[in-house]
Amino acid sequence: MKGTLWVLLCFAAGCLAGWSGRLPEELAGGGWAEAVLIILLLLVGMSIGSGGQLRELLRRFRWRFLWLPLATAGGTLLLSACAALLLSWSVPQCMAVGAGFGYYSLSSILITQLESASLGVQMAAELGTVALLANVFRELLTLFLAPWIVRCFGPLALISAGGATTADTTLPAVIRYSGRDYLLLSVFHGVLMDFSVPFFVSFLCAC
Amino acid sequence: MSWVILALLAGIGIGWLLRRANWINWAGRLLQPTVGLLLFLMGAAVGTERELIGRLPLLGAQALLITLLGLGGSLFAAAWVYRRFFRQEKEGRR
């Protein structure tokens, strides 16, 4: 929750700074962002690679665990694509927004960067903003609706709803409402979804 | 393969090789400020276009639609996976 607030604050501060017109042109134009993005991806990779989590997860892995991330990705992408019927964005663009799976920081930044070549910087920033908000909403809805989700759709649905956040921010909710039995599956699901975000988003933005 | 994936894989490789180094934990700690900086830059791109600020409520509505659809899709898919692969096995054991 604190992390989400920090993210929104940084974004809002950026909006204000850009709006005031006092920022140097090249800073707002997105030229710097690409270099910082590469650093971010390296850091994300380094924290995945160096974590002891990875080995422990592989040791206790069961094949049926794979069904849940598949369901999360399939269900999310399929219905996100339907949003294109109602919105001005294309099918792959709507899917790319959905493919953040709640990982709002990485997905919104990636979309802004990758779409700016084809859409132009401003439209790309617009789609990136949609992605930021959509994925923040996903995390918040998961946290608020957790008891209801488990009651209506079963314990796995809460993990699916949490998407890429089930190894960290929504893990406490999963333990509380789905039960301790699902801790390992939840962490496994979160790590795999985390890892899948750059793949899905860069693939969909290239479509 | 795109540079996005390459950067991510390179990071994982570096992290794995250096997993015993003490300073590797800094990678995790640097994440938050880096994300903050990038979102600041993204916000700046949004803010520079003054029209876009006025459209934020519209963008929020679009975002909510995509979230509700995507979330709904994953709920049904997960409910199906639970019935098909998890629940029966649990009941079978009892």
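Nothing here was measured: the structure is a model prediction, and the numbers come from that model. Below, read A as the first sequence line, B as the second, and so on, with proteins coming before strands; counting in each chain starts at 1.
Two residues are said to be in side-chain contact when any heavy atoms from C-beta on lie closer than 4.5 Å; Phe137(A) and Leu68(B) fail this criterion. A 4.5 Å side-chain heavy-atom check between Ile12(B) and Phe195(A) finds at least one atom pair inside the cut-off.
Atoms CZ and OH, from Phe86(B) and Tyr182(A) in turn, are 7.5 Å apart once rounded to the nearest 0.5 Å. The line from CG of Leu127(A) to CD of Gln62(B) is 9.0 Å long, rounded to the nearest 0.5 Å. To the nearest 0.5 Å, atom OG of residue Ser74(B) and atom CE of residue Met193(A) are 8.5 Å apart. Rounded to the nearest 0.5 angstrom, Gln113(A) CD and Leu38(B) CG are separated by 8.0 Å. Considering CG of Leu85(A) and CG of Leu69(B), their distance stands at 9.5 Å, rounded to 0.5 Å.
Between Leu42(A) and the choices Leu8(B), Ile14(B), Leu30(B), the side-chain contact (heavy atoms from CB on, under 4.5 Å) rule is met once, by Ile14(B).
Closest of all the heavy-atom pairs between Phe40(B) and Ala17(A) is CZ-CB, 3.7 Å. Counting all heavy atoms, side chain and backbone alike, Ala77(B) lies closest to Gly75(A) at CB-CA, 4.3 Å.
Classified by interplanar angle (parallel below 30°, tilted 30° to 60°, perpendicular above 60°), the ring pair Trp67(A)/Phe85(B) is parallel.
Only the side chain of Ser202(A) comes within less than 4.5 Å of a heavy atom in chain B; its backbone stays farther off. Proximity to chain B (any heavy atom under 4.5 Å) is shown, for Ile109(A), by both the backbone and the side chain. For Leu65(B), the part lying under 4.5 angstrom from a heavy atom of chain A is the side chain only. Residue contact with chain B, scored on non-hydrogen atoms closer than 4.5 Å, is absent for Ile111(A). Neither the backbone nor the side chain of Leu106(A) comes within less than 4.5 Å of any heavy atom in chain B. Both the backbone and the side chain of Ala161(A) have a heavy atom closer than 4.5 Å to some heavy atom of chain B. Contact of Ile159(A) with chain B is not made at all, since no heavy-atom distance falls under 4.5 Å. Heavy atoms closer than 4.5 Å to chain B are found nowhere in Leu9(A), neither backbone nor side chain. Residue contact with chain B, scored on non-hydrogen atoms closer than 4.5 Å, is absent for Leu16(A).
Of the listed residues (Val97(A), Val136(A), Leu158(A)), the one with the most heavy-atom contacts under 4.5 Å to chain B is Val97(A). Comparing Ala125(A), Cys15(A), Gly102(A) by how many heavy-atom pairs each has under 4.5 Å with chain B, the most go to Cys15(A). Annotation: maximal heavy-atom pairing with chain B below 4.5 Å, among Pro198(A), Cys152(A), Ala134(A), occurs at Ala134(A). Each of Thr112(A), Leu79(A), Leu110(A), Ile149(A) has some count of heavy-atom pairs under 4.5 Å with chain B, and the biggest count is that of Leu79(A). The residue among Leu59(B), Leu64(B), Val81(B) with the most heavy atom pairs within less than 4.5 Å of chain A is Leu59(B). The most heavy-atom pairs under 4.5 Å with chain A, out of Ala63(B), Ala10(B), Ala78(B), come from Ala63(B). Note on Thr129(A), Thr72(A), Leu78(A), Ile39(A): by heavy-atom pairs under 4.5 Å with chain B, the leading option is Thr129(A). Counting heavy-atom pairs closer than 4.5 Å to chain B, the top-ranked of the candidates Leu133(A), Leu68(A), Leu41(A), Leu77(A) is Leu41(A).
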Run the side-chain contact (heavy atoms from CB on, under 4.5 Å) check on Thr142(A) and Leu71(B) step by step: do they pass?
-> CA-CA 9 Å; Thr142(A) 302; Leu71(B) 194 61; 4.2 Å; yes
Chi angles and distances behind the side-chain contact (heavy atoms from CB on, under 4.5 Å) call for Ile66(B), Leu87(A) = CA-CA 9 Å; Ile66(B) 298 179; Leu87(A) 304 178; 3.9 Å; yes
Step by step, work out the side-chain contact (heavy atoms from CB on, under 4.5 Å) result for Leu39(B) and Ser105(A).
-> CA-CA 7 Å; Leu39(B) 282 161; Ser105(A) 52; 4.3 Å; yes
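More than 12 non-hydrogen atoms from other residues, nucleotides or ligands lie less than 6.0 angstrom from CZ of Phe65(A).
Remark: the backbone N or O of Leu75(B) is not paired with any side-chain donor or acceptor of Ser160(A) at under 3.5 angstrom.
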